[in-house]
Amino acid sequence: MNFKSSVDLFSFNYVILIIFLVVFFLVSVYFQRKNKRKFSKSFDKVNLIEKAYLDNKLKMYIVEYENKKFIIVDNGNSITISESLSE
């Protein structure tokens, strides 16, 4: 009983599959970088002024957006945002 593998690693089907996977990977990396640049432009307007830990899970952020300051408090379960700070 001789068992012979009928699968050739360099057959046409495997080469097509590898080419397809490489092209899919390159296209996905391209679109990921393109979307990353688009989202980073929208975050240029937000400026983190200060971050403080009030408790083990309670964090407070003071951010500036469009020349207005806001307080954001995060406790792990919910987020609270203030109206606007006056100086």
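Tyr65 OH to Lys68 NZ: the interatomic distance, rounded to the nearest 0.5 Å, is 10.0 Å. The structure places CE of Met60 at 13.0 Å from CG of Asp55, a figure rounded to the nearest 0.5 Å.
With sequence neighbours left out, the side chain to side chain contact (heavy atoms under 4.5 Å, CB included) criterion links Ile72 to Tyr61, Val63, Ile79, Ile81. A search for side chain to side chain contact (heavy atoms under 4.5 Å, CB included) contacts involving Tyr53 returns Lys51, Lys59, not counting sequence neighbours.
Residues Ile18 and Leu21 fall into different hydrophobic clusters, defined by Ile, Leu, Val, Met, Phe, Trp and Tyr side chains chained together at heavy-atom separations under 4.5 Å. Under a hydrophobic-cluster definition in which Ile, Leu, Val, Met, Phe, Trp and Tyr are linked whenever side-chain heavy atoms come within less than 4.5 Å, directly or via other members, Leu26 and Phe20 are assigned to different clusters. Connection of Val29 to Phe24 is not established within any shared hydrophobic cluster, with ILVMFWY side chains joined at heavy-atom distances below 4.5 Å, either directly or through further cluster members. In this structure, Val22 is a member of the same hydrophobic cluster as Phe25, with clusters built from ILVMFWY side-chain heavy atoms closer than 4.5 Å. Both Val27 and Tyr30 belong to a common hydrophobic cluster when Ile, Leu, Val, Met, Phe, Trp and Tyr are linked at side-chain heavy-atom distances under 4.5 angstrom.
Within the 4.5 Å cutoff, the side chain of Asn13 has no heavy atoms near those of the Leu17 side chain.
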Using the side-chain contact (heavy atoms from CB on, under 4.5 Å) rule, take Lys57 and Asn75 through it: C-alpha gap first, then chi angles, then the decisive distance, then the call.
CA-CA 5 Å; Lys57 292 184 178 181; Asn75 69 0; 5.7 Å; no
